[in-house]
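Just the heavy atoms: all of them, side chains too, but no hydrogens, waters or symmetry mates, feed the values below.
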Amino acid sequence: MRNLIANPSISVHLSSEAEAIILEGTAEYVTDPSHPLAALSMAASKQKYPQYFSGSESPFRPFWALRPTNLDVSLTRI
């Protein structure tokens, strides 16, 4: 976490046998529950991890967001 705060440049590789997908961009640590992505993040977390949510109120948990600046896709022909 300290590294991303000091240098938020990030590269993410999505694994696939048929193609290489690489996202490059800036990492943003979202700590504000009113951030535009916060509601989507909380809804996705509640759906995937319902055991951590009780009642109708979803507690906000900070998360990392990727702001992409570049997308590289390489298709492999077999």
Side-chain angles (χ1 to χ4, degrees):
M1 189 164 155
R2 285 182 288 167
N3 289 342
L4 282 175
I5 291 171
N7 180 6
S9 296
I10 189 168
S11 177
V12 178
H13 176 266
L14 304 178
S15 180
S16 171
E17 291 182 20
E19 57 197 18
I21 302 171
I22 301 169
L23 288 167
E24 297 173 333
T26 303
E28 175 187 355
Y29 192 55
V30 178
T31 58
D32 181 2
S34 64
H35 188 281
L37 294 175
L40 294 171
S41 175
M42 287 190 298
S45 293
K46 187 174 183 177
Q47 183 177 5
K48 187 170 184 177
Y49 305 107
Q51 67 272 25
Y52 298 116
F53 295 85
S54 61
S56 61
E57 188 174 325
S58 298
F60 174 78
R61 291 181 174 87
F63 62 94
W64 286 97
L66 169 61
R67 299 285 182 183
T69 56
N70 190 40
L71 168 65
D72 292 320
V73 178
S74 298
L75 302 177
T76 304
R77 304 223 184 239
I78 299 176

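The ring pair (Phe, Tyr, Trp, His ring centres under 6.0 Å) search around Tyr29 returns Trp64, not counting sequence neighbours. Residues forming a side-chain contact (heavy atoms from CB on, under 4.5 Å) with Ala44 (at least two apart in sequence, or on another chain): none. Legend: residues meeting salt bridge (charged side-chain N to carboxylate O under 4.0 Å, His left out) with Glu24, ordered by chain and number and at least two apart, are absent. Every residue was checked against the salt bridge (charged side-chain N to carboxylate O under 4.0 Å, His left out) condition with Arg61, not counting sequence neighbours, and none meets it.
Residue Ala38 comes nearest to Pro33 through the heavy atom pair CB-O, 3.3 Å, listed as atom of the first residue, atom of the second, then distance. Between Pro62 and Thr31, the shortest heavy-atom distance links the atoms CB-CG2, 4.2 Å.
Taking CD of Glu28 as the start and CG of Leu37 as the end, the distance is 7.5 Å to the nearest 0.5 Å. Rounded to the nearest 0.5 Å, atoms OG1 (Thr69) and CG (Leu23) are 9.0 Å apart.
Looking at heavy atoms from C-beta onward, Ile21 lies out of side-chain contact with Asp72 at the 4.5 angstrom threshold.
Looking at Ser45, its side chain does come within 3.5 Å of a backbone N or O of Ser41 through a donor-acceptor pair.
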Pairs of donor and acceptor atoms involving the side chains of residues 3-11, under 3.5 Å and at least two apart or interchain, shall be tabulated with distances.
residue: Asn7; atom: OD1; partner: Ser9; partner atom: N; Å: 3.3
residue: Asn7; atom: OD1; partner: Ser9; partner atom: OG; Å: 3.4

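Note on residues 6-16: no pairs pass salt bridge (charged side-chain N to carboxylate O under 4.0 Å, His left out), not counting sequence neighbours.
Between Phe60 and Phe63, the two ring planes are perpendicular [angle over 60°; tilted spans 30° to 60°].
When the side chains of ILVMFWY residues are joined at heavy-atom separations under 4.5 Å, either directly or via intervening members, Val73 and Ile22 end up in two distinct hydrophobic clusters.
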